[in-house]
Amino acid sequence: MYDFKRIEKKWQNIWEKNKTFKTGTDKSKKKFYGLVEFPYPSGAGMHIGHVKAYSGLEVISRKRRMEGYNVLFPIGFDAFGLPTENYAIKTKTHPRKVTDKNIEVFTKQLKQIGFSFDYDRCVDTTDEKYYKWTQWIFLKMFDNGLAFRDKTLVNYCPSCRVVLSNEDSQGGKCDICHSQVIQKEKDVWYLRITEYADKLLEGLKEVDYLPNIKTQQENWIGKSTGAFVNFKIKDTKESLKVYTTRPDTLYGATFMVIAPEHPLVETLKDKITNYDEIINYKEEAKKKTEFERVELQKDKTGVEIKGIKAIDPVNDKEIPVFVADYVMMGYGTGAIMAVPAHDQRDYDFAKKFGVDIIEVIKGGDISKEAYTGDGEMINSGELNGITNKKEAILKMIEFLQKNKIGEKAIQFKMKDWAFNRQRYWGEPIPIVHCDHCGDVGVPYEELPLRLPKVENFEVGTDGESPLAKMSDFVNCKCPKCGRDAKRETDTMPQWAGSSWYFLRYIDPHNDNELASMEELKYWLPVDWYNGGMEHVTRHVIYSRFWHHFLYDIGVVPVSEPYAKRTAQGLVLGPDGDKMSKSKGNVIDPLDVVNEYGADTLRAYILFMGEYSLECPWNENGIKGVSRFLERIYNYKDKLNDKKGYSEKLESIINKTIKKVSNDYENMKFNTAISALMIMLNEYDKQDSITHEDYKILLTLLNPIAPHITEELNETVLHNKEISTFSWPTYDESKCVDENVQIACSVNGKLRATIDVSVNTSKEELLSLAKEQENVKRFIEGKEIVKEIVVPNKIVNIVVK
RNA sequence: GCAAGUGUGGCGGAACUGGUAGACGCAUCAGACUCAAAAUCUGACGGUUAAUAGCCUUGUGGGUUCGAUUCCCAUCACUUGCACCA
């Protein structure tokens, strides 16, 4: 048994002392910037998921260094946020202290696992030298009209007393405390991310993200091309504007639905004969969160607005108007035209309320359900006979524009980003409210606007930020006119600090700018960003948005921050469920380090399965990897004095170098390790192996298991450190086997295999196959219809 | 509902642009070593079977093909994300 405790400690000390993994500064060298999502330093310490998330690029980074790159592989801490604040409130400790302690523990643990981060570039989002620049970016957005304040119905968590973005209140529950979210009118700071929707979509074309990541972002942005159409309200001057992606079905519109909050209800109050009923419905809808409104899909509620009718502009038909809460004011125009024959949701509604259903596209059976497929247009005036949906849409848009009843329109699903929180532990929003000047940005030279040091940072009962109670902080002079004014007391959400942290790593101690252009030009873009699937639509989009903005104002040299993005799969508990404290299936990585060593932990986490897929933890599986490392360790007694590779091992060595190199690049670490195991099995068949044979194994394994390989390389082979080696190369001509096995099949069924030398001719393969006893049995007395020979692979004889 | 992903032995998982399904590892069984156990080493190991013959087998049902885990259609289950998105 090798003494992993001593060996791992020894090498960790050497790396720390020699600064082995310090980022290179020689700009003439090619660069590699590998980025992992920085952790939230929770009190629980590292999670097994962190180990998996970092191990992928850890291997790549170690390989890149050996390939001669300047490697920037940094780590930092996303330390603002509610858990720390709540913990601080509970234990009556200041969040600053809690954060510092947690960061210390985390850093120690990261080092215990041997991660080759450049710890000198560590970034902490709660450091005022850092959040100075987070505030600076916010101010720049404010100056450019991208940060604005509005009164809106917002998701509000009564328990946390915080306004939440839609993204943070999924399922109608607060993301943090899981209590019910309600709707409340409130002052909200927004970042106008919608203005960048098109750029964020276009930018995806030039980056190398995993396909499913790209698709998710596209869906989130949700660009749709359709048309605005105006429906007149009969006997009034009013009209209803709707947005539709299916203007081709306009002749099939038999009713309209508006959101309960739609202003038309007030404008036409006098004409509406059931106004009270409508208002009642509106009040009921207010009680529901957006989630509940959209969730109740089985039973659609709504009320017909009596006394008014809309007029379909293409055929002048009078159609009824309903209010229903499944239509949202926040998307499109807050009103829809309903085409029950070709939209299932409208169909259900029409059936329930007894509205006409008019078929305009042939192909379905509208007595049973809506038909959403393609087909010939009918009952549609000038569109009749068209069978192509796109053509029909284009023709209708043309018609609408010619007759000035509508126009082509592009809509995005994405909404603006609600940006303020009523919390202490976040970046103060650097804005002053002045009665005369309105919202005024804190002057840049006064940044950072520091979080005041206080004893009591608990949230007040009014749901305001704790900062609101600090008169020293609140009361100030307006930077513009000098009169008495009040500071904004809300803070930024956790997404703020994580939206630009990768820029700070590039130049972490710069006091004059967020990072120098010279450094940014060298290091950007991030070459490879790996993280969780769950951050693909929030953090990654938010940070791309910030980066595009910084590019537009000339602060960064490229528009897309991440050249490549991958994601690792979850590590599940041994029971196959997601690890959670309540289920008691949590594996603590440090326990594993203590029992098996860091190298075994690293190797197992990469060996357990395909990196991008989720995979359950298996206590037995780790033993296999542990044995593998043990076997390598015991090889020191089996070395001979011969030079070069053993002749018999040349082929397997070259093949393994090739396989492992490729697999690392494709994050197929499990098959890379498997290839190394196969190589070791080949070594086992020899009486002895050479120093070179051994060295190549240690080198290939080093990125995954750095401690044990460095130790053996030093104590057995007496070489300088592996981290100074060049990455091994292979000879393609030696990767080819001399012999291959050929499958011989009859009618596609395997009947025999033959061993032949590589590149045996087709003719010879065929005649060899026919000589096989078992092949003979199946072709004898039958007519040969076809003979297929694929050299080096298979012979298939088709008989009748 | 929409979108994406996954489905292979007792288990985790392999399989290049369609070409010997089950690599590698775990578990299990047998043997060696040992007084014994552990560790280690050797061998077997999808099902059925006396068989190194055959038949069946990659969620299910079809299709294309000489040949399908791989491509196409349908369907089921699970996971994730978004959502009455017009």
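A, B, ... follow the sequence lines: proteins, then strands. Residue 1 opens every chain. Everything numeric here is computed off the predicted structure, so don't read it as measured data.
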**Q.** Protein-to-nucleotide contact annotation, 5' to 3' order, nucleotides 16-28 of chain B [B base; S sugar-phosphate only; - none; under 4.0 Å, heavy atom]
**A.** B--BB--BBSSS-
Q: Could you please name the partner base of U42(B), counting Watson-Crick and G-U wobble pairs only when both distances are under 3.5 Å?
A: A30(B)
Q.
Rounding to an integer number of angstrom, what distance separates A32(B) and A37(B) when you compare their C1' atoms?
A. 15 Å
Q: Quickly work out the L572(A) CG to U79(B) C1' distance and round it to whole Å.
A: 10 Å
Q.
With rounding to the closest Å, how many angstrom separate the P atoms on C78(B) and A83(B)?
A. 22 Å
Q: Could you tell me whether K214(A) atom NZ has more than 12 heavy atoms of other residues or ligands within 6.0 Å of it?
A: yes
(Q) Suppose you measure atom C1' in G10(B) against the same atom in A27(B); what distance do you get, rounded to whole Å? (A) 7 Å
Q | Under-4.0 Å salt bridge between R627(A) and E630(A) | A | no
Q) Between N681(A) and R631(A), does any side-chain donor sit less than 3.5 Å from a side-chain acceptor? A) yes
Q) Between A50(B) and U6(B), how far is it from one C1' atom to the other, in whole Å? A) 41 Å
Q) Taking syn as any angle within 90 degrees of 0 and anti as the rest, which one fits G9(B)? A) syn
Q) Rounding to the closest angstrom, what is the interatomic distance between A14(B) and U8(B) at atom C1'? A) 10 Å
Q) Under a 3.5 Å cut-off for both distances, is G54(B) Watson-Crick or wobble paired, and to whom? A) U48(B)
Q: Determine the interatomic distance between C1' on G22(B) and the same-named atom on A15(B); round to the nearest Å.
A: 9 Å
Q) Looking across every strand, which nucleic acid part, if any, lies under 4.0 Å from K214(A) by heavy atom: base, sugar-phosphate, or nothing? A) nothing
Q. When the distance from CE of M396(A) to C1' of A86(B) is rounded to whole Å, what number comes out?
A. 16 Å
Q. K770(A): what forms a side-chain hydrogen bond (donor to acceptor under 3.5 Å, both in side chains) with it, not counting sequence neighbours?
A. E787(A)
Collect all protein-nucleotide pairs involving nucleotides 3-8 of chain B in which both atoms are nitrogen or oxygen and the distance is under 3.5 Å.
from  : atom 1 : to      : atom 2 : distance (Å)
A3(B) : O2'    : N219(A) : ND2    : 2.6

(Q) Restricting to side-chain contact (heavy atoms from CB on, under 4.5 Å), what partner residues turn up for I587(A), sequence neighbours left out? (A) I48(A), P574(A), M579(A), V592(A), W617(A)
Q | Atom-to-atom span, NZ of K408(A) to P of A86(B) - whole angstrom | A | 16 Å
Q. Across all strands, who's sitting opposite A74(B) as a Watson-Crick or G-U wobble pair, both distances under 3.5 Å?
A. U60(B)
(Q) Could you work out, with side-chain hydrogen bond (donor to acceptor under 3.5 Å, both in side chains) as the rule, every residue matching E665(A), not counting sequence neighbours? (A) K63(A), R64(A)
**Q.** G54(B) OP1/OP2 closer than 4.0 Å to side-chain N/O of R751(A)
**A.** yes
Q: Write down the distance between NZ (K52(A)) and C1' (G12(B)), rounded to a whole number of angstrom.
A: 12 Å
Q. What does A15(B) pair with, Watson-Crick or G-U, if both distances are under 3.5 Å?
A. none
Q: Please report, rounded to the nearest Å, how far the P atom of A14(B) is from the NZ atom of K659(A).
A: 10 Å
Q: Write down the distance separating the C1' atoms in U70(B) and A21(B), rounded off to the nearest Å.
A: 11 Å
(Q) Classify E614(A) by what it touches in the nucleic acid, base, sugar-phosphate, or nothing, heavy-atom distance under 4.0 Å. (A) sugar-phosphate
(Q) Expressed as a whole number of angstroms, how long is the span from Q217(A):CD to C2(B):P? (A) 23 Å
Q | Interatomic spacing from OH in Y611(A) to NZ in K52(A) - rounded to 0.5 Å | A | 7.0 Å
Q: Name the nucleic acid region contacted by E218(A), choosing base, sugar-phosphate or nothing; use a 4.0 angstrom heavy-atom cut-off, strictly under.
A: nothing
Q) What integer number of Å spans the P atoms of A30(B) and C16(B)? A) 37 Å
**Q.** Among A86(B), C66(B), G54(B), the one nearest F778(A) by side-chain distance
**A.** G54(B)
Q. Could you walk me through whether K223(A) and E218(A) pass the salt bridge (Lys or Arg N to Asp or Glu O under 4.0 Å) check?
A. CA-CA 8 Å; K223(A) 182 177 183 171; E218(A) 282 164 3; over 6 Å; no
Q: Sequence neighbours left out, what passes ring-ring contact (aromatic ring centres under 6.0 Å, His included) with Y683(A)? Give chain and number order.
A: none
Q) What integer distance in Å separates R246(A):CZ from C85(B):P? A) 14 Å
Q. In whole angstrom, what separates N747(A)'s CG from U65(B)'s P?
A. 15 Å
Q.
Using a 3.5 Å distance criterion without hydrogens, assess whether the side chain of R565(A) forms a donor-acceptor pair with backbone atoms of I213(A).
A. no
Q) Which nucleotide, in any strand shown, forms a Watson-Crick or G-U wobble pair with A4(B), with both distances under 3.5 Å? A) U79(B)
Q) Is K241(A) close enough and on-axis enough to F228(A), meaning under 6.0 Å and within 45°, for cation-pi? A) yes
